[in-house]
There are 2 protein chains.
Amino acid sequence: MRRVVHPPAEQINLAEVLSALGDPIRLEIVKVLSDGREHVQPDFVVPVGQSTLSYHMKTLRDAGIVFSRPEGTRCFVSLRAELEQKFPGLLAAVLRSTRPSAAERA
Amino acid sequence: MRRVVHPPAEQINLAEVLSALGDPIRLEIVKVLSDGREHVQPDFVVPVGQSTLSYHMKTLRDAGIVFSRPEGTRCFVSLRAELEQKFPGLLAAVLRSTRPSAAERA
DNA sequence: ACCTATCATCGACGATTATCGATTAAGGGG
DNA sequence: CCCCTTAATCGATAATCGTCGATGATAGGT
């Protein structure tokens with residue numbers, strides 16, 4: 001795999017994080033990652049082509065939300081731990097809001 | 001004031017809320033509103049012109065984050081209560097993340 | 001060496017965004 | 001009535017975004 005870049009933790013900023021989370025496809029990706037384990041691209045079942053998925057991964061990576069670990073021909077993606085350090089409870093609140101109960105609460 | 005429209009609570013959706021919050025200027029507006037009181041546009045000190053501020057207000061309104069109450073020649077803006085009903089703790093987590101301590105936690 | 005799999009990058013495209021200045025709408029106040 | 005204030009809307013513009021198909025990079029397998 002080509003090497004990917006991750007921003008240093010100190011330059012993760014809230015607006016960019018929220019902006020990155022403000023997309024249904026990226027929200028779905030984060031939801032899958034919320035089991036705390038590593039996933040590869042085929043794990044995310046989203047209605048876009050491979051290159052677009054890769055673009056969304058880069059967006060999440062650039063925002064400091066996910067960490068990509070290339071290994072061999074695959075790329076393992078997981079939630080980035082520094083996010084919780086920096087914005088405690090934020091991701092949890094977002095994930096709670098994605099659950100069906102939130103939709104019913106109309 | 002011209003009349004403004006608010007989306008019904010049941011069609012407030014998470015991605016749009018996060019997307020609306022994913023902008024430094026709108027984040028600042030929400031921060032000011034977090035005192036729970038009503039505010040008028042001049043209360044928000046942001047580095048944009050009046051028409052742009054009005055545009056950001058509309059974005060927040062369309063996302064279901066703020067409520068605008070026209071009265072006479074002014075327009076009183078406040079956080080929309082339904083947001084907390086629908087996504088409990090979300091706004092609180094975001095606001096906590098805007099505090100300086102979050103930046104230090106690099 | 002060659003083929004295959006996985007994923008990043010490129011070039012293109014239409015759609016959306018953030019911005020401005022100017023205008024319009026609506027409501028006071030003299 | 002005629003101004004003044006507040007804020008929404010309009011038209012324009014440059015920049016960014018989300019998408020695609022095609023190509024490139026890297027590693028494994030045979």
Side-chain angles (χ1 to χ4, degrees), chain A residues 1-7 13-30 32-33 37-78 80, chain B residues 1-7 13-30 32-33 37-78 80:
Chain A
M1 276 302 105
R2 258 139 155 172
R3 68 160 157 288
V4 293
V5 273
H6 296 86
N13 96 293
L14 182 60
E16 192 177 352
V17 167
L18 294 175
S19 183
L21 293 174
D23 177 281
I25 292 190
R26 292 192 290 263
L27 225 31
E28 172 61 29
I29 294 174
V30 168
V32 170
L33 290 173
R37 296 185 301 190
E38 289 185 317
H39 290 269
V40 288
Q41 286 194 9
D43 292 348
F44 311 110
V45 289
V46 286
V48 292
Q50 182 269 320
S51 64
T52 301
L53 176 53
S54 196
Y55 158 77
H56 285 299
M57 291 308 304
K58 176 173 164 56
T59 301
L60 288 169
R61 202 164 48 229
D62 288 350
I65 297 173
V66 306
F67 180 76
S68 298
R69 181 176 67 84
E71 179 179 309
T73 171
R74 283 175 302 177
C75 189
F76 293 96
V77 181
S78 56
R80 199 169 153 177
Chain B
M1 275 303 105
R2 260 136 152 170
R3 67 162 157 287
V4 293
V5 273
H6 295 87
N13 95 294
L14 181 60
E16 192 177 351
V17 167
L18 294 175
S19 182
L21 293 174
D23 176 281
I25 292 189
R26 292 192 290 262
L27 224 30
E28 172 61 29
I29 294 173
V30 169
V32 170
L33 291 173
R37 297 184 301 188
E38 290 185 317
H39 290 269
V40 288
Q41 285 195 10
D43 291 348
F44 310 111
V45 289
V46 286
V48 293
Q50 182 269 321
S51 65
T52 301
L53 177 53
S54 195
Y55 158 77
H56 284 299
M57 291 308 304
K58 176 174 164 55
T59 301
L60 288 169
R61 201 163 50 229
D62 289 350
I65 298 173
V66 305
F67 179 76
S68 297
R69 180 174 68 84
E71 180 178 309
T73 172
R74 283 174 301 177
C75 188
F76 293 96
V77 181
S78 55
R80 199 168 153 178

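By convention in this document, chain letters (A, B, ...) are assigned in the order of the sequence lines, proteins followed by strands, and residues within each chain are numbered from 1.
Taking atom CG on A:D62 and atom C1' on D:dC17, their separation rounds to 14 Å, with Å as the unit. The nearest whole Å value for the distance from the NZ atom in A:K58 to the C1' atom in D:dT16 is 14 Å.
Legend: side chain to side chain donor-acceptor pair (under 3.5 Å) pairs involving residues 58-67 of chain A, not counting sequence neighbours, sorted by first then second residue: A:K58-A:D62, A:R61-A:S68.
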For this session: List the steps, then state whether side-chain contact (heavy atoms from CB on, under 4.5 Å) holds for B:L18 with A:L27.
Result: CA-CA 10 Å; B:L18 294 175; A:L27 225 31; 4.0 Å; yes
For this session: For side-chain contact (heavy atoms from CB on, under 4.5 Å), just list the numbers for B:V4 and B:H6, CA-CA rounded to whole Å, side-chain angles, deciding distance to a tenth of an Å, and then say yes or no.
Result: CA-CA 7 Å; B:V4 293; B:H6 295 87; 3.8 Å; yes
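You can see that DNA chain C meets the heavy atoms of chain A within a 4.0 Å-exclusive cut from C:dA5 to C:dT9, reading 5' to 3'.
Side chains of A:R74 and A:P42 form no contact here, defined as non-hydrogen atoms less than 4.5 Å apart.
Taking each heavy atom of B:S78 and B:R37 in turn, the nearest pair found is CB-O, 4.1 Å. Taking both residues in full, the closest heavy atoms of A:A63 and A:V17 are given as O-CG2, 3.6 Å, listed atom of the first, atom of the second, then distance.
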Could you run down the sub-3.5 Å N/O contacts of the protein with nucleotides 12-14 of chain D?
none

For this session: Treat primed atoms plus P, OP1 and OP2 as sugar-phosphate and everything else as base, then score nucleotides 19-29 of chain D 5' to 3': B for base contact with protein heavy atoms under 4.0 Å, S for sugar-phosphate contact only, - for none.
Result: BBBB-BSSSS-
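In this view, B:E38 and B:R69 satisfy the salt bridge (Lys or Arg N to Asp or Glu O under 4.0 Å) rule, not counting sequence neighbours.
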For a quick test of your reading: what N or O donor-acceptor pairs under 3.5 Å do the side chains of residues 43-57 of chain A make, sequence neighbours left out?
residue: A:D43; atom: OD2; partner: A:H39; partner atom: ND1; Å: 2.9
residue: A:D43; atom: OD2; partner: A:V40; partner atom: N; Å: 3.1
residue: A:H56; atom: ND1; partner: A:R26; partner atom: NH1; Å: 3.1

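Using a 4.0 Å heavy-atom cutoff across all strands shown, B:P70 reaches no nucleic acid atom at all.
B:E28 CD to B:D23 CG: the interatomic distance, rounded to the nearest 0.5 Å, is 11.0 Å.
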